[in-house]
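Each ligand, and each atom within it, is numbered from 1 in the order the structure gives.
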Amino acid sequence: MNPKRYDCGMQYCRCGKSGVLLPKVSLGMWHNFGNLTPYETSRQIVLCGFDNGITHFDLANNYGPEPGEAEKRMGRILKEDLKAHRDELFISTKAAYDMWEGPYGSWASRKHLTASLDQSLRRMGLDYVDLFYCHRYDPETPLEETLQCLVDIVHKGKALYVGISRWPLHALEVAEAYLREHDVRLLIYQGRFHLLDRAPLEEGILEFLQQISTGFISFSPLAQGLLTNRYLNGIPSDSRMMEGRFLKREVLTETLLKKLHALNNVAHERGETLAQMSLAWVLHHPATTSVLVGVSSTEQLEQNIRCLQSPPFSEEQLRRIEEILA
Ligand SMILES: NC(=O)c1ccc[n+]([C@@H]2O[C@H](COP(=O)([O-])OP(=O)(O)OC[C@H]3O[C@@H](n4cnc5c(N)ncnc54)[C@H](OP(=O)(O)O)[C@@H]3O)[C@@H](O)[C@H]2O)c1
């Protein structure tokens with residue numbers, strides 16, 4: 001492993017008003033850490049990230065396939081490769097999407113969140129995670145039940161920090177106040193924010209997070225690969241779109257393809273790839289703490305990390321990007 005991992009260009013950003021610094025590029029394990037991928041490929045991606053200064057790895061109970069497989073793989077990598085480095089790692093997991101059969105296998109009850117986190121810890125062989133998220137807003141469970149459960153999880157030492165993902169603004173406001181009143185800070189919000197989807201900006205979530213000094217991490221910042229060179233000349237046989245589970249062919253319309261080519265031209269003029277420009281654009285928003293990328297190879301990861309060397313955007317480039325996407 002690379003002893004100079006903190007000396008090779010990774011940058012760290014304070015996560016809101018907290019003691020935590022997160023790498024500006026973090027690694028997500030939603031794809032390529034399940035049974036469709038050789039274990040050695042998953043392992044090399046994690047080790048490549050760590051060697052390049054990525055300290056934050058994002059999981060969820062159900063990442064696979066099979067659900068739980070990504071956490072099992074992470075557990076094995078932690079045991080066999082990174083045992084001596086636990087305190088250099090910031091590991092997150094989540095619960096609230098479907099995980100097991102029956103009435104307690106999903107959503108955000110105390111019963112589900114508590115049992116799911118215990119399962120995650122067992123799969124990863126950990127005593128605690130650094131960050132535990134409620135993965136989605138549950139309109140049926142009283143918010144106080146979910147939030148008190150998050151408080152208790154921190155007080156029991158099973159997670160050092162808590163976050164929420166994909167919650168609407170009104171529930172985020174309640175969460176921040178409840179947790180603060182119970183001496184637990186909301187560390188971070190995880191939402192989808194990229195060139196093609198600005199929902200957290202349009203819904204006022206980013207502005208609120210800045211007001212309350214809470215971090216923001218953007219998931220799928222490359223729109224699952226659309227905002228890269230992957231689909232500019234057809235659909236590669238080894239791509240996520242060809243696999244077809246979460247990225248459907250229908251999204252790649254002629255109109256979108258034209259826009260992607262035009263964005264690619266802007267990226268080339270800036271001396272970088274479309275993936276790098278797309279990540280730099282998300283990081284350029286002052287609310288963003290980190291971009292949470294997924295990759296199917298170490299080459300993709302190394303390329304993405306180089307977005308930290310991207311030149312600043314000129315007003316003219318930002319205007320052209322908006323014109324292309326209008
Ligand atoms: N909170 C939530 O509800 C939620 C939802 C979704 C994701 N997430 C988190 O966000 C993480 C990232 O999501 P994501 O995997 O959708 O992220 P993404 O970075 O938008 O897309 C990743 C895919 O883009 C392609 N790619 C990445 N870098 C590339 C490069 N340099 N050149 C060409 N292609 C490249 C690869 O596709 P190929 O596989 O085709 O090579 C890769 O699998 C997840 O692992 C998870 O941790 C959270």
Of the listed options ([options]), which comes nearest to [atom] when hydrogens are ignored and any heavy atom counts?
atom: atom 2 (C) of ligand 1; options: His135, Met29, His31, Glu243; answer: His135
atom: atom 21 (O) of ligand 1; options: Glu302, Arg166, Gln224, Arg192; answer: Gln224
atom: atom 41 (O) of ligand 1; options: Pro221, Ser296, Cys307; answer: Ser296
atom: atom 15 (O) of ligand 1; options: Arg240, Arg230, Lys94; answer: Arg240
atom: atom 1 (N) of ligand 1; options: Ala96, Ser165, Ser26; answer: Ser165

Between [X] and ligand 1, find which residue part has any heavy-atom pair under 4.0 Å and reply side chain, backbone, both or neither.
X: Asn229; result: side chain
X: Tyr133; result: neither
X: Leu59; result: neither
X: Thr228; result: side chain
X: Tyr97; result: neither
X: Pro236; result: neither

| request: Could you please spell out the steps behind the side chain to side chain contact (heavy atoms under 4.5 Å, CB included) verdict for Lys17 and Arg185? | output: CA-CA 9 Å; Lys17 202 172 173 187; Arg185 275 191 64 80; 4.0 Å; yes
For [atom], what's the nearest protein heavy-atom neighbour? Residue, atom name and distance, please.
atom: atom 13 (O) of ligand 1; answer: Ser220 OG, 3.3 Å
atom: atom 24 (O) of ligand 1; answer: Gly225 CA, 3.2 Å
atom: atom 19 (O) of ligand 1; answer: Gly294 N, 3.1 Å
atom: atom 31 (N) of ligand 1; answer: Asn304 OD1, 2.8 Å
atom: atom 44 (C) of ligand 1; answer: Trp30 CB, 3.3 Å
atom: atom 12 (C) of ligand 1; answer: Leu292 O, 3.2 Å
atom: atom 46 (C) of ligand 1; answer: Tyr63 OH, 3.3 Å
atom: atom 10 (O) of ligand 1; answer: Phe219 CB, 3.3 Å

Quick one: does any side-chain atom of [X] pair with a main-chain N or O of [Y] as donor and acceptor, under 3.5 Å?
X: Thr41; Y: Thr37; value: no
X: His285; Y: Ala287; value: yes
X: Thr289; Y: Phe216; value: yes
X: Ser92; Y: Leu131; value: no
X: His135; Y: Ala60; value: no

| field | Candidates Lys94, Arg73, Glu71 - the one meeting side-chain hydrogen bond (donor to acceptor under 3.5 Å, both in side chains) with Tyr63 | value | Lys94
| task | For Glu140, enumerate each residue passing the salt bridge (Lys or Arg N to Asp or Glu O under 4.0 Å) test, keeping only those at least two apart in sequence or located in another chain. | result | none
| task | Output, in order, the C-alpha distance, side-chain angles, deciding distance and verdict of side chain to side chain contact (heavy atoms under 4.5 Å, CB included) for Met74 and Leu126. | result | CA-CA 10 Å; Met74 190 59 181; Leu126 293 174; over 6 Å; no
| task | Evaluate the salt bridge (Lys or Arg N to Asp or Glu O under 4.0 Å) criterion for residues Lys259 and Glu322: first the C-alpha distance (whole Å), next the side-chain angles of each, then the deciding distance (0.1 Å), finally the verdict. | result | CA-CA 11 Å; Lys259 291 181 180 187; Glu322 292 312 307; over 6 Å; no
Heavy-atom contacts with [X] under 4.0 Å: which atoms of ligand 1 show up? List them by number with element.
X: Asn32; value: 43 (O)
X: Gln190; value: 1 (N), 2 (C), 4 (C), 8 (N), 9 (C), 48 (C)
X: Gly28; value: 11 (C), 44 (C), 45 (O), 47 (O)
X: Gln303; value: 31 (N)
X: Asp58; value: 9 (C), 46 (C), 47 (O)
X: Ser239; value: 40 (O)

| said: Nearest 0.5 angstrom please: Gln211 CD to Glu176 CD, how far? | reply: 10.0 Å
Mark yes or no: [X] above the aromatic ring of [Y], with NZ or CZ under 6.0 Å from the six-membered ring centre and no more than 45 degrees from the axis.
X: Arg76; Y: Tyr39; result: yes
X: Arg245; Y: Trp30; result: no
X: Arg320; Y: Phe313; result: no

| message | If you take the centroid of each ring, where Trp contributes its six-membered ring, are His112 and Tyr104 closer together than 6.0 Å? | response |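 Not under 6.0 Å, so no.
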| said: Against ligand 1, does Tyr231 come closer than 4.0 Å with any heavy atom? | reply: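 Heavy atoms of Tyr231 do come under 4.0 Å of ligand 1.
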Do [X] and ligand 1 have an N or O pair less than 3.5 Å apart?
X: Val293; value: no
X: Asp238; value: no
X: Ala223; value: yes

| task | Would you mind listing the cluster partners of Trp107? Hydrophobic ones only (ILVMFWY), side-chain contacts under 4.5 Å, chaining allowed. | result | none
| request: Take Tyr137 and His170 through the ring-ring contact (aromatic ring centres under 6.0 Å, His included) test and state the conclusion after the steps. | output: CA-CA 11 Å; Tyr137 171 63; His170 67 87; 5.6 Å; yes
